[in-house]
Amino acid sequence: MAARTHTVTNQAPPLVGYDLFATDRALAEAVERHLPPEACGEVRAELSALGHSAGSAQVQEWATLAHTYPPRLRTHDRYGNRIDEVDFHPAWHRLLGRSVAAGLAAGAWDRPGGHVRRAAGFLLVSQTEAGHGCPLSMTHASVPALRTEPALAAEWEPLLASRVYERAPRPPLEKAGVLLGMGMTEKQGGSDVRANTTRAEPLAEAGAYALTGHKWFCSAPMSDGFLVLAQAPEGLSCFLVPRVLPDGTRNAFALQRLKDKLGNRSNASAEVEFDGTTWARRIGDEGQGLHTIMGMVAATRLDCALGSAALMRQAVAQAVHHATYRSAFGRLLVDQPLMRNVLADLALESEAATVLGMRLAAAYDVAEAGPEAVPGAGSPGNGADAEHERQLLRIAVPVAKYWVTKRCTPVVAEALECLGGNGYVEESGLPRLLRESPLNSIWEGAGNIQALDVLRVLHREPAALNAFLTEVGRARGADHRLDRAIRDTLAELADLEGMEARARRLVERMARVLQGALLVRWAPAEVADAFCASRLGGDWGLTFGTLPHTVALGTVVERARPVA
């Protein structure tokens with residue numbers, strides 16, 4: 001029986017039972033923009049169904065359970081046999097099975113508009129629970145590496161693209177669907193994978209090797225196989241390590257412990273040992289391991305940006321939803337000018353991240369399709385130029401990965417503050433988003449690695465810089481602040497003095513210019529104006545909520561509202 005003093009008022013209802021896709025205007029518009037008209041109806045229906053599922057009470061409960069009961073390592077069975085199994089709460093398997101069934105593993109590579117479809121779906125499921133995005137991302141990204149060995153790709157790719165989630169450890173080629181993990185990082189090397197010490201010794205079977213060494217971080221160790229870097233006789237090489245061998249025996253793949261992580265706790269990350277009897281299949285030539293695996297790294301880097309965009313979108317949705325129902329000082333929070341400024345500022349950052357991530361997903365579709373790409377994909381109104389898209393991806397993926405993942409944590413933290421003390425308690429879901437928020441900036445090369453990669457592209461690949469300048473140049477003349485920012489960026493690019501020390505500054509400027517150009521072309525005028533005034537025009541403070549008072553704050557906030 002409730003006490004007479006405990007009447008609950010002035011609380012926002014749970015944000016549940018809504019369509020994450022249909023209520024995300026920036027995402028829905030991007031899907032319409034980057035797909036041919038005849039495909040849009042089908043894709044909207046697919047994504048709306050996934051959006052309803054992601055916004056349901058059931059799936060939100062699964063996400064909570066997967067984090068409340070994180071994975072546990074079982075190195076041995078009851079008889080003392082080494083098994084190296086990771087036990088997950090059933091909710092994890094439900095989340096992963098649902099996303100695999102939605103085609104979010106490796107189904108994007110041979111489907112028209114597949115990367116746009118998958119990127120949008122990845123944005124949706126990552127809002128509810130981000131941890132299971134790790135095996136989805138690595139499985140998706142493994143395809144370019146595997147395709148360097150056509151025979152191997154012919155065996156594995158149909159299983160990777162399958163919509164069947166089969167979790168039991170069995171020989172991969174006997175399963176209806178498989179997932180892949182990855183192991184590159186070692187204790188002594190970190191991001192410097194050329195310092196890896198794991199050895200690969202050729203076996204009698206052509207292309208087969210035995211591995212000896214360790215991996216400090218192996219992502220998703222319950223996967224059916226792993227792409228691993230090791231030192232072969234001719235140098236650093238890439239290998240596919242199956243978890244179970246064709247005869248049904250376990251490969252020698254010893255899980256030493258699971259990492260106790262800040263966030264991403266539903267997903268297992270392990271330290272693994274190879275004891276010299278591990279069987280592995282080489283992918284690509286010896287000594288070309290870094291080149292082989294970089295196709296995978298580029299795709300996972302884009303997923304890092306998409307994952308951060310998803311976290312930002314969910315945090316902003318929660319903040320706007322709360323402010324729509326919560327009153328203080330006689331007015332709804334959403335109607336108070338200063339809170340509206342904060343919400344609009346957060347919404348701009350979220351929309352810019354979504355638009356950039358989806359633009360790069362569209363670039364993958366055009367680049368993969370080649371000269372016969374579907375007109376209207378990638379760059380509407382400018383022709384689908386596969387070479388332009390390939391060069392744009394080379395420079396814009398590390399730019400986006402650097403900037404979007406860096407912006408995620410401050411966005412989530414500010415959104416949490418919009419809920420006040422309610423946002424600081426676990427039931428709100430915001431603490432889980434905050435713990436998750438730094439991860440994508442660290443995975444697949446932290447900030448300095450991305451910035452230095454951009455510098456390497458600038459020095460070695462002039463066609464990529466030309467693609468970037470062409471892309472931002474398509475918006476020239478539409479906003480004077482963007483035009484000035486493009487000129488300033490060109491001036492900074494021309495000044496090579498101390499370039500490495502100021503690489504972060506340069507990449508940040510390139511990211512904001514690219515986001516501004518995309519918003520000027522495609523976003524409502526109020527959104528583009530607010531972004532250019534603050535991010536490019538200099539009329540912005542050092543915290544969120546410092547937009548110029550002249551911009552259309554209410555319009556920007558209304559666009560970000562998750563439920564009408």
Checklist entry - Can you tell me if OH on Y18 sees more than 12 non-hydrogen neighbours from other groups inside 6.0 Å? => result yes
Next on the checklist: Could you work out, with salt bridge (charged side-chain N to carboxylate O under 4.0 Å, His left out) as the rule, every residue matching D453, not counting sequence neighbours?
Outcome noted: R301, R394, R456
Checklist entry - Would E351 and R25 pass as an ion pair if we require N to O under 4.0 Å? => result no
Next on the checklist: Is the shortest side-chain heavy-atom distance between R44 and E32 below 4.5 Å?
Outcome noted: yes
Checklist entry - To the nearest 0.5 Å, how far apart are CG in L393 and CG in L360? => result 6.0 Å
Next on the checklist: Show, in sequence, the C-alpha distance, side-chain angles and deciding distance for R257 and E271, and conclude whether the salt bridge (Lys or Arg N to Asp or Glu O under 4.0 Å) test is met.
Outcome noted: CA-CA 6 Å; R257 64 169 176 166; E271 296 172 28; 2.4 Å; yes
Checklist outcome for this item: Interatomic distance, CG@D303 vs OG@S126, rounded to 0.5 Å, equals 8.0 Å
Checklist outcome for this item: Minimal heavy-atom distance between S99 and L136, with the atoms involved, is CB-CD1, 3.5 Å
Checklist entry - Roughly how far apart are M184 CE and C238 SG, rounded to 0.5 Å? => result 9.0 Å
Next on the checklist: salt bridge (Lys or Arg N to Asp or Glu O under 4.0 Å) for E508 and R504? Distances and angles first, verdict last.
Outcome noted: CA-CA 6 Å; E508 173 184 329; R504 284 187 172 218; over 6 Å; no
Item to check | NZ/NE/NH1/NH2 to OD/OE distance under 4.0 Å, D24 and R313 | outcome: yes
Checklist entry - Under the 3.5 angstrom rule, does the side chain of R265 hit a backbone N or O of K261 as a donor-acceptor pair? => result yes
Item to check | No-hydrogen, no-angle side-chain donor-acceptor test under 3.5 Å, S428 and Q318 | outcome: no
Checklist entry - Distance-only, no hydrogens or angles: does the S56 side chain make a donor-acceptor pair with backbone N or O of G17 under 3.5 Å? => result no
Checklist entry - Would you say D365's side chain and V116's backbone share a donor-acceptor pair under 3.5 angstrom? => result yes
Checklist outcome for this item: Taken to the nearest 0.5 Å, the spacing of H322 NE2 from T324 OG1 works out to 10.0 Å
Checklist entry - Side chain of Q450, backbone of W403: donor and acceptor closer than 3.5 Å? => result no
Item to check | E471/R359 under salt bridge (Lys or Arg N to Asp or Glu O under 4.0 Å): CA gap, chis, key distance, verdict | outcome: CA-CA 11 Å; E471 188 69 21; R359 170 65 185 93; 2.9 Å; yes
Checklist entry - Between S266 and E129, what is the shortest heavy-atom contact and its length? => result OG-OE2, 2.7 Å
Checklist outcome for this item: Heavy atoms of N267 and G131 approach each other most closely as CB-O, 3.5 Å
Item to check | Ionic contact status for E85 with R250, cut-off 4.0 Å | outcome: yes
Next on the checklist: With salt bridge (Lys or Arg N to Asp or Glu O under 4.0 Å) as the criterion, how do E42 and R117 come out once you've worked through the C-alpha distance, each side chain's angles and the decisive distance to 0.1 Å?
Outcome noted: CA-CA 10 Å; E42 172 199 350; R117 297 177 189 219; 3.4 Å; yes
Item to check | SB check E46 R163 (cutoff 4.0 Å) | outcome: no
Item to check | H67 side, atom NE2; W92 side, atom CH2 - distance, nearest 0.5 Å | outcome: 8.0 Å
If you look only at distance, which donor and acceptor atoms sit under 3.5 Å apart when one is on a side chain in residues 222-229 and the other is two or more places apart or in another chain?
| from | atom 1 | to | atom 2 | distance (Å) |
| --- | --- | --- | --- | --- |
| S223 | OG | A220 | O | 2.8 |
| D224 | OD1 | K175 | NZ | 2.5 |
| D224 | OD2 | L179 | N | 2.9 |

Next on the checklist: Is a donor from one side chain sitting under 3.5 angstrom from an acceptor on the other, for Q127 and Q314?
Outcome noted: yes
Next on the checklist: Tell me if the aromatic rings of H140 and H115 count as close, with their centers under 6.0 Å from one another.
Outcome noted: yes
Item to check | Flag if over 12 foreign heavy atoms under 6.0 Å of CZ, R167 | outcome: no
Checklist entry - Can a salt bridge be assigned to the pair R147 and D110 using a cut-off of 4.0 Å between side-chain N and carboxylate O? => result yes
Next on the checklist: Can you give me the closest heavy-atom contact between A280 and V241, atom names plus distance?
Outcome noted: CB-CG2, 3.8 Å
Checklist outcome for this item: Nearest heavy-atom approach of N251 to T278 is OD1-CA, 3.4 Å
Checklist entry - For N264 and R435, does a side-chain donor sit closer than 3.5 Å to a side-chain acceptor? => result no
Checklist entry - Where does the angle between the aromatic ring planes of F253 and F274 fall among parallel (under 30°), tilted (30 to 60°) and perpendicular (over 60°)? => result tilted
Checklist entry - What distance do L430 atom CG and Y424 atom OH have between them, rounded to the nearest 0.5 Å? => result 12.0 Å
Item to check | Crowding at CZ, R194 (>12 non-hydrogen neighbours, <6.0 Å) | outcome: no
Next on the checklist: Donor-acceptor check, side chain of T128 to backbone of Q60, threshold 3.5 angstrom: yes or no?
Outcome noted: no
Checklist entry - Are R98 and S53 linked by a side-chain donor-acceptor pair shorter than 3.5 Å? => result yes
